[in-house]
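The basis for the numbers below is simple: all heavy atoms, side chains too, and nothing from hydrogens, waters or symmetry mates. Here the structure is a predicted model, which means the values were calculated and not measured. Just so we're on the same page: letters track the sequence lines, and every chain starts at 1.
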Amino acid sequence: MAGVVRYHATTKKQTREKHIDESLVVRWTLISIAVLFITIMIILPLTVVMTEALKKGASVYFAAIAHEDAMSALRLTLITAFIAVPLNTVFGVLVAWAISKFKFRRKQLLLTLIDLPFAVSPVIAGLVFVLMFGAQSYLGPWLSEHDIKIIFAVPGIIIATLFITVPFVAREIIPLMQQQGITEEEAAVSLGAKGFQVFWRVTLPNIKWGLLYGIILCNARAMGEFGAVSVVSGHIRGRTNTLPLHVEILYNEYQFSAAFAIASLLMVLAIITLIVKAIVEWREEVQNIHL
Amino acid sequence: MSKRSIIPGFRLSIGISVFYLSILVLIPLSIIFIKSFELSLAQFWDTIINPRVLASYRISFVTAFCAAIINTVFGLIVAWVLVRYQFPGKKIIDALVDIPFALPTAVAGIALTALYAKNGWIGSLLEPLGIKVAYSPLGIIVALTFIGIPFVVRTVQPVIEDLEKEMEEAAVMLGAYRLRTFLRVVLPTLYPALLTGFTLAFARGIGEYGSVVFISGNMPLVTEISPLLIMTKLEQYDYAGATAIAAVMLIVSFLLLLLINLLQWSMNRRMTANS
């Protein structure tokens, strides 16, 4: 409630007192610097993807996207996300439940563990799985004996993506659930709600928008991961190529228009992610005003 | 503490979470250290002090540091402008700040290369001035700056939102000018957030691979970053070398992560102490 009131107070035009706000010159200089920075660093790169992709005409653009290798890369990217996102969503909800609804020791340690994949270089993330499952690893001889291929094959790509995307859902909903406290859940339990019902009927409605954003962010990263996947994939065309890896191959073969065409697909994915984020934030604001 | 909560599912959720994290994160990462212990100390040392490896560390750290500094300065300005001022297009600028989180790094890499290459929109403007960005260390800084934009903005923004105008007003009443108020009253309260944002951007920059490989040109000793060198060693089946380089990077990342956690912990304490 206090937040809402303050929000209205700051948006209202107030008579400016001397020295309390910056002078108009300073104000517009800062705004110009900020806008210029974002324009050069973000808007121009996004624009260049589209112009490069369409440089040689729409036919080249669509040919690149409809190409057999692009389609198989798209398929593998979708499969990877389809496995990694649900698993990490379930994990994210479970770990957020434990952290936000209970008191226990070593909670900070657990939080740090969840963040680890953020801090590790994607290349190292790929490397650890090569060391674990590669031909020279402890498991290597056993795996080859049983004809199981993980590295330079699809399972490796999925595992590396799982590792990279561990924190996304958890990080998004933990603060949200901590903020909401435990009174509603306790009330539900004392009124007779059982186990999963408490989560489904009481907690979920409160966190659904944050959860949705976490999932969509996790998905964007799962589909867009490059470094880790690059290490474990082996770059076998049509077999172990995801969309970002396909971009690299096309680019290194100097097929720039095709590379940018595929890149534009991934860019659309990023923009959709941000639109969902905007909707989620707008929903939360509406929810706060109604409270 | 000792009173058991009536909310169900603690054992199940904590059990599965810890199991999942152990299998997917903890055990795989510990493999790096186990494998490095298999190397003799001399072997390990020889890999690390190789001039090419040392150069890659230097390049990775210096470029990530520069990019994080750039992001701290501009991130503060962007966050300040987004919270305090009204201007057309503000919502769009605010949304665009998150693009580097959502855009695949490979896409960012080729886009920035196209922009800053000799014949690119920006590269062609800088060429007459004798500034070469793509395929030089400067290009790495540009890529890492792009990658790090959200970190500083998103850590500083909420803190500026929570600033109490009364404090600034009090400073004015006491006769301080705006710049002085900003430097003496506002900025100190932003230091922890700025430092956290800086560290996050720095940590991310050290490990970044996808956006850099396209724009850097990957010349050994000049623009070859450590993650790329790990990649090269792997392609040559030099697993020991790759592991040794990675172990050093991992230790640095862990230290940075520890620093971030300490910073956030002290920030939280300060915030709860204030309220």
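- Within the 4.5 Å cutoff, side-chain heavy atoms of A/M132 are placed close to those of B/I27.
- Partners of A/E172 according to the salt bridge (Lys or Arg N to Asp or Glu O under 4.0 Å) rule, which considers only residues two or more places apart in sequence or in another chain, do not exist here.
- Among the candidates B/I110, B/D98, B/I122, B/T113, the residue making the largest number of heavy-atom pairs closer than 4.5 Å to chain A is B/I110.
- Between chain A and the residues B/G9, B/S211, B/A203, the most heavy-atom pairs under 4.5 angstrom are made by B/G9.
- A 4.5 Å side-chain heavy-atom check between A/F102 and B/I14 finds every atom pair outside the cut-off.
- A/N88 places a side-chain heavy atom less than 4.5 Å from the side chain of B/Y20.
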Which side-chain N or O atoms in residues 114-123 of chain A pair as donor and acceptor under 3.5 Å with protein atoms at least two apart or in another chain?
residue, atom, partner, partner atom, Å
A/D115, OD1, A/R171, NH1, 2.7
A/D115, OD2, A/R171, NH1, 2.6
A/S121, OG, A/V123, N, 3.4
A/S121, OG, B/G207, O, 2.7

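- The candidate from A/F129, A/W28, A/Y138, A/F260 with the greatest count of non-hydrogen atom pairs under 4.5 Å with chain B is A/F260.
- Ranking A/I272, A/N219, A/T47 against chain B, the residue ahead of the rest is A/T47, based on heavy-atom pairs under 4.5 Å.
- Among A/L30, A/I31, A/T29, the one residue that satisfies the side chain to side chain contact (heavy atoms under 4.5 Å, CB included) test with B/I77 is A/L30.
- For the residue pair B/S17 and A/F91, the shortest heavy atom distance occurs at O-CE1, 3.7 Å.
- In terms of heavy-atom pairs under 4.5 angstrom with chain A, the leader among B/S253, B/G120, B/G109, B/P227 is B/P227.
- The nearest pair of heavy atoms linking A/A98 to B/S13 is CB-OG, 3.5 Å.
- Taking CD1 of A/I42 as the reference point, atom CD1 of B/I93 lies at 8.5 Å (rounded to 0.5 Å).
- Between A/S230 and B/M231, the closest heavy-atom pair is OG-CE, 3.1 Å.
- Of the inter-residue distances, the one linking A/M41 atom CE with B/I149 atom CD1 reads 5.0 Å to the nearest 0.5 angstrom.
- Annotation for A/E186 and B/I6: closest pair O-CD1, 3.7 Å, computed over non-hydrogen atoms.
- When every heavy atom of B/A246 is checked against every heavy atom of A/I124, the shortest pair comes out as O-CD1, 3.7 Å.
- With chain A as the partner, the residue from B/L29, B/L234, B/I16 showing the most heavy-atom pairs under 4.5 Å is B/L29.
- A 4.5 Å side-chain heavy-atom check between B/V107 and A/P244 finds every atom pair outside the cut-off.
- Counting heavy atoms from C-beta on, the side chains of B/T145 and A/F37 come closer than 4.5 Å.
- Per-residue counts of heavy-atom pairs under 4.5 Å with chain A were compared for B/F182, B/F146, B/Y237; the largest is that of B/F146.
- Here the side chains of A/L46 and B/L96 are in contact, with some heavy-atom distance below 4.5 Å.
- Rounding to the nearest 0.5 angstrom, the gap separating the CG atom in A/L127 from the CD1 atom in B/I32 is 4.0 Å.
- Looking at B/I7 and A/I182, their side chains come closer than 4.5 Å, going by heavy atoms from C-beta outward.
- Note that CD1 of A/I271 is 5.5 Å distant from CD1 of B/I99, once rounded to the nearest 0.5 Å.
- Note on ring orientation: taking the six-membered ring where Trp is involved, the planes of B/Y209 and A/F226 are parallel (angle under 30°, cut-offs 30° and 60°).
- Note that the CD1 atom of B/I23 and the CG atom of A/L162 stand 12.0 Å from one another [nearest 0.5 Å].
- At least one side-chain heavy atom of B/F87 sits under 4.5 Å from a side-chain heavy atom of A/V35.
- With chain B as the partner, the residue from A/L269, A/V189, A/I99 showing the most heavy-atom pairs under 4.5 Å is A/V189.
- By the 30° and 60° cut-offs, the orientation of the rings of B/F10 relative to A/F104 is tilted.
- Heavy-atom pairs under 4.5 Å with chain B peak, among A/V90, A/V49, A/L44, at A/L44.
- Note that A/K277 lies outside the cation-pi zone of B/F101, set by a 6.0 Å cut-off to the ring centre and a 45° limit from the axis.
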